[in-house]
Amino acid sequence: MYNEYELKKILIVVNENNEIVQYASIGELPDSVEYDNTIPEDFRDKFKPSFYMIKDGLIVENPDYEEIKIPAVGASTVEQQLAAISYQQMQDSQEKQALIKQNAQMAYQIMQIQQQLGGQKA
């Protein structure tokens, strides 16, 4: 009995080392070739570029496969500096707003004092 992956045609793209770097089971795939032999049952679940290869006309797991480790990249120095400058600008803006409020309150108090002093002279 055949499983659902056997004898099914797929399109594959193979690199210079016979490693399968892309595949498609429907549609078209540029620079691909048609593969119509047995496909491993776990091919779709395990597929990663270069994990499988063509050997003797069959798809097999690549014994030399090494998973590409993408280094964790944090914020660059420029990004960190930009974030620090942005934070400082935000703080400066908040301080400016507090000073504007204080100035308005002092101007109001001065106006009230002037009115009181003006009322006493009359």
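We're numbering straight along the sequence, starting at 1. Please read these numbers as outputs of a predicted model, since none were measured by experiment.
Applying the 6.0 Å contact sphere to CD of Glu66 captures no more than 12 heavy atoms from other residues, nucleotides or ligands.
Qualifying side chain to side chain contact (heavy atoms under 4.5 Å, CB included) partners for Ser76, counting only residues two or more places apart in sequence or in other chains: Val78, Glu79. Residues passing the side chain to side chain donor-acceptor pair (under 3.5 Å) test with Asn17: none are found, sequence neighbours excluded. Annotation: ring pair (Phe, Tyr, Trp, His ring centres under 6.0 Å) contacts of Tyr65 (sequence neighbours excluded): Phe51. Remark: Val13 pairs with Val21, Gln22, Leu29, Ser32 by the side chain to side chain contact (heavy atoms under 4.5 Å, CB included) rule, at least two apart or across chains. Every salt bridge (Lys or Arg N to Asp or Glu O under 4.0 Å) that Glu34 has, sequence neighbours left out, goes to Lys9. Not counting sequence neighbours, the partners of Tyr23 by the ring pair (Phe, Tyr, Trp, His ring centres under 6.0 Å) test are Phe43, Phe47.
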Between side-chain atoms of residues 90-102 and protein atoms elsewhere (two or more places apart, or another chain), which donor-acceptor pairs fall under 3.5 Å?
| residue | atom | partner | partner atom | Å |
| --- | --- | --- | --- | --- |
| Gln91 | NE2 | Tyr87 | OH | 3.2 |
| Asp92 | OD1 | Gln88 | NE2 | 2.9 |

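Under the 4.5 angstrom side-chain criterion for Ile, Leu, Val, Met, Phe, Trp and Tyr, Met106 has no cluster partners at all.
Contact annotation: the side chain of Ile10 never approaches that of Asn37 to less than 4.5 Å [non-hydrogen atoms, C-beta and beyond]. Within the 4.5 Å cutoff, the side chain of Val33 has no heavy atoms near those of the Leu11 side chain. Within the 4.5 Å cutoff, the side chain of Ile113 has heavy atoms near those of the Leu117 side chain. The shortest distance between side-chain heavy atoms of Ile54 and Ile12 falls below 4.5 Å.
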Exercise. Could you go step by step and tell me if Leu58 and Tyr35 meet the side-chain contact (heavy atoms from CB on, under 4.5 Å) rule?
Worked result: CA-CA 9 Å; Leu58 296 173; Tyr35 177 84; 4.0 Å; yes
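Gln114 contributes atom CD, which lies 11.0 Å from atom CD of Gln116 (distance to the nearest 0.5 angstrom).
With hydrogens and angles disregarded, a donor-acceptor distance shorter than 3.5 Å links the side chain of Asn62 to the backbone of Ser50.
Counting only residues at least two apart or on different chains, the salt bridge (charged side-chain N to carboxylate O under 4.0 Å, His left out) pairs with a member in residues 47-64 are Lys46-Glu61, Lys48-Glu67.
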